[in-house]
Number of protein chains: 2
Amino acid sequence: MAKKSEQIIKNLSTDSVIFGFDNSELKVLLIKLAVEPQKGEWALPGSNILTDENLDVAAKRVLKELTGLDNVYMEQLYTFGDVLRFPLFRVVTVAYFALVKIEDYQPEPGPKASDAKWFPIKKLPKLPFDHIEIINYALKRLKQRVRIRPIGFELLPMKFTLSQLQNLYETIMDVEMDKRNFRKKIIGMNLLIPLEKQKGVPHRAAKLYRFDKRKYDSLKEKGFNFEI
Amino acid sequence: MAKKSEQIIKNLSTDSVIFGFDNSELKVLLIKLAVEPQKGEWALPGSNILTDENLDVAAKRVLKELTGLDNVYMEQLYTFGDVLRFPLFRVVTVAYFALVKIEDYQPEPGPKASDAKWFPIKKLPKLPFDHIEIINYALKRLKQRVRIRPIGFELLPMKFTLSQLQNLYETIMDVEMDKRNFRKKIIGMNLLIPLEKQKGVPHRAAKLYRFDKRKYDSLKEKGFNFEI
DNA sequence: GCAAAAGTGTTTCCGCTACACCCATGA
DNA sequence: TCATGGGTGTAGCGGAAACACTTTTGC
């Protein structure tokens with residue numbers, strides 16, 4: 001008999017849009033469904049919520065179970081509940097979005113997924129249910145968030161160059177930026193800690209930086225606004 | 001026997017934070033619960049969602065049933081699902097926030113509510129469950145939204161003066177603004193249509209305006225950003 | 001005529017934009 | 001030595017902020 005802790009809420013699920021960035025493209029992590037219906041189709045990682053499990057916890061658990069990912073930036077996105085979104089019965093899904101340092105992570109599908117793979121946001125496969133709508137909503141949210149909160153760093157390796165950072169912003173926001181102005185602005189915020197230089201690149205080595213989260217947190221309390 | 005359309009989803013509900021503005025204070029509409037548990041307590045209007053009813057539709061229906069309100073600005077806020085938020089069993093609630101022209105509305109409690117009343121946001125009664133948390137979240141969202149989308153107008157009468165508008169912004173955002181700068185900015189957006197003057201006020205009569213929604217919608221398509 | 005709110009311009013300042021060339025490194 | 005990206009400063013413009021007095025109206 002199932003323990004109480006493994007009872008699921010029948011009409012509720014969680015789905016996550018996981019973004020990664022590989023220095024040139026924004027990507028989304030999808031899993032190949034291993035169970036009917038829709039077996040074999042690529043979809044957002046998602047599953048049911050347990051009756052004694054908080055929503056955020058459920059989202060994290062599902063992510064871990066299906067993709068192996070742990071300890072990533074996650075934020076509740078929106079709740080999608082169209083009556084017809086799931087064909088068999090009514091399922092309302094609380095969607096989350098997650099940001100992953102793509103280099104740190106090699107997809108490892110869990111037991112309920114037969115595969116897990118990064119897809120460029122511009123070349124997504126056909127997706128079941130309303131998953132494409134959820135991804136589009138997440139992308140819209142990401143574009144907004146990245147401008148006003150320093151969450152872009154969640155998509156970069158711990159140590160990154162200013163060019164990588166600029167490239168990230170340009171890709172997500174789909175604009176071109178002036179290199180000097182971008183650097184002035186970022187450096188002016190005093191939230192980056194300069195580190196050593198790159199090595200082994202076939203051009204002048206760039207300085208590496210890391211994001212000073214502690215400083216940001218304390219500035220934020222004093223009303224500082226991150227904005228690019 | 002209940003029609004299929006009246007089956008409820010047991011573990012899901014919707015709650016709404018309804019804001020109103022009476023020219024000096026921001027207020028929230030609460031209802032007095034008419035059924036156990038918590039009978040007699042003031043709370044956010046909320047109820048179950050039906051199995052064949054979209055979330056937005058449910059939120060609107062519940063609002064109408066409990067408060068008589070119809071045709072108001074509504075937006076999904078966040079989904080609150082703490083395991084312990086409801087004492088009897090697990091209930092996840094999809095919260096909405098609504099903006100109401102307070103002058104147009106005299107509270108009329110529906111059959112499931114024994115009373116409905118506006119409370120100043122700074123003088124709320126003790127609320128059950130996590131309702132205070134939901135209100136605080138809604139307030140935070142309102143403060144953000146009002147700066148970047150012209151939804152403040154939803155809180156004012158159709159015809160309003162610039163001072164009323166400024167007062168609304170000052171109250172919501174909890175700041176003081178310079179009258180001349182405020183007027184320059186607002187008028188400069190060209191989104192207000194000047195109307196006749198006030199009558200019967202014990203001081204110089206102010207010009208009334210109304211918000212040009214059509215114009216805003218077409219500007220928005222061209223990429224215009226409302227921002228105060 | 002007085003109280004109360006409406007209405008109105010100008011100056012200053014700061015941040016955003018535009019813009020082009022030299023440097024370091026590995027191949 | 002060449003290809004590739006790294007790194008740097010300044011001038012001009014425009015929008016934001018600061019600031020105070022006159023006007024209209026009802027009582």
Side-chain angles (χ1 to χ4, degrees), chain A residues 21-25 103 146-148 150 156-157 159-171 173-210 219 223-228, chain B residues 21-25 146-148 150 156-157 159-171 173-211 219 223-228:
Chain A
F21 180 69
D22 73 351
N23 270 327
S24 69
E25 272 183 321
E103 299 193 352
V146 96
R147 290 198 55 230
I148 54 172
L156 292 177
K159 301 176 181 185
F160 52 84
T161 67
L162 293 180
S163 294
Q164 279 178 296
L165 185 63
Q166 180 174 348
N167 194 231
L168 171 73
Y169 276 97
E170 290 184 336
T171 303
M173 293 164 57
D174 203 22
V175 292
E176 299 223 323
M177 298 177 182
D178 179 85
K179 186 163 51 159
R180 279 171 291 190
N181 293 340
F182 180 82
R183 284 166 184 240
K184 251 179 294 174
K185 193 151 186 177
I186 292 287
I187 297 293
M189 290 185 188
N190 265 308
L191 286 171
L192 297 188
I193 298 173
L195 304 168
E196 74 279 9
K197 288 202 172 180
Q198 278 182 319
K199 276 184 184 161
V201 286
H203 53 76
R204 177 170 175 179
K207 193 181 278 186
L208 292 164
Y209 293 84
R210 71 177 181 84
L219 282 176
F224 170 80
N225 265 329
F226 181 90
E227 186 157 347
I228 289 186
Chain B
F21 180 69
D22 74 352
N23 270 326
S24 70
E25 273 184 320
V146 95
R147 290 198 55 231
I148 54 173
L156 292 176
K159 300 176 181 186
F160 52 85
T161 68
L162 293 180
S163 295
Q164 278 179 295
L165 185 63
Q166 180 175 346
N167 193 231
L168 171 71
Y169 276 99
E170 290 184 336
T171 304
M173 293 164 56
D174 204 21
V175 292
E176 299 222 324
M177 299 177 181
D178 179 85
K179 186 159 56 155
R180 280 170 291 190
N181 292 339
F182 180 82
R183 285 165 185 241
K184 252 180 292 176
K185 194 150 183 177
I186 292 288
I187 296 293
M189 290 185 187
N190 264 308
L191 287 170
L192 297 188
I193 298 173
L195 304 168
E196 73 278 9
K197 287 202 171 179
Q198 277 183 320
K199 275 182 185 161
V201 286
H203 53 76
R204 177 171 176 178
K207 193 182 278 187
L208 292 164
Y209 293 85
R210 69 179 182 81
F211 178 63
L219 282 176
F224 169 81
N225 265 331
F226 181 90
E227 185 156 348
I228 289 185

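The structure presented is a predicted model; accordingly, all values stated were derived computationally and were not measured. Naming convention: chains lettered A, B, ... in sequence-line order (proteins, then strands); numbering from 1 in each chain.
Remark: C1' of D:dG9 and NZ of A:Lys184 are 8 Å apart, rounded to the nearest angstrom. Atom CD of A:Gln198 is separated from atom C1' of C:dT25 by 11 Å (rounded to the nearest Å). One interatomic measurement links the two molecules: CG of A:Leu165 to C1' of D:dG6, which rounds to 15 Å at whole-angstrom precision. Going from atom CD of A:Glu196 over to atom C1' of C:dA24 covers 17 Å, rounded to whole Å. Summarising the geometry, the separation between CD1 on B:Ile228 and C1' on D:dA16 is reported as 14 Å, rounded to the nearest angstrom. C:dT8 atom P lies 14 Å from atom CD of B:Gln166, rounded to whole Å. Between the P atom of C:dC14 and the CD atom of A:Glu227 lies a distance of 19 Å, rounded to the nearest Å. Rounded to a whole Å, the CD1 atom of A:Ile187 is 15 Å from the P atom of C:dC16.
A donor-acceptor distance shorter than 3.5 angstrom exists from the side chain of A:Glu170 to the backbone of A:Met177, with no hydrogens or angles considered. Between the side chain of A:Gln198 and the main chain of A:Ala206, a donor-acceptor pair closer than 3.5 Å is present.
Residues A:Arg204 and A:Asn181 both approach DNA chain D. Their nearest nucleotides, taken by heavy-atom distance, put A:Arg204 toward the 5′ side. Between B:Pro202 and A:Asp178, the one whose closest nucleotide on DNA chain C sits nearer the 5' end is B:Pro202. Heavy-atom distances to DNA chain C give each of A:Val201 and B:Lys197 a nearest nucleotide, and the one nearer the 5′ end belongs to B:Lys197.
Put simply, A:Ser163 has a side-chain N or O that comes within less than 4.0 Å of OP1 or OP2 on D:dG6. OP1 and OP2 of C:dA18 both lie 4.0 Å or more from every side-chain N or O belonging to A:Arg180.
Remark: B:Glu176 CD is loosely packed, at most 12 non-hydrogen atoms of other residues, nucleotides or ligands lying under 6.0 Å away.
As judged by a 4.0 angstrom heavy-atom cut-off over every strand, A:Lys179 is placed among the base-contacting residues. Across all strands shown, B:Lys185 has heavy atoms under 4.0 Å from sugar-phosphate atoms exclusively, and none from any base.
Using a 4.5 Å heavy-atom cutoff, the side chains of B:Ile186 and B:Ile228 are in contact.
Nearest nucleotide to the side chain of A:His203, out of C:dG7, D:dC19, D:dG6: D:dG6.
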request  = Test side chain to side chain contact (heavy atoms under 4.5 Å, CB included) on B:Leu192 and B:Phe211 and set out the steps.
outcome  = CA-CA 5 Å; B:Leu192 297 188; B:Phe211 178 63; 4.2 Å; yes
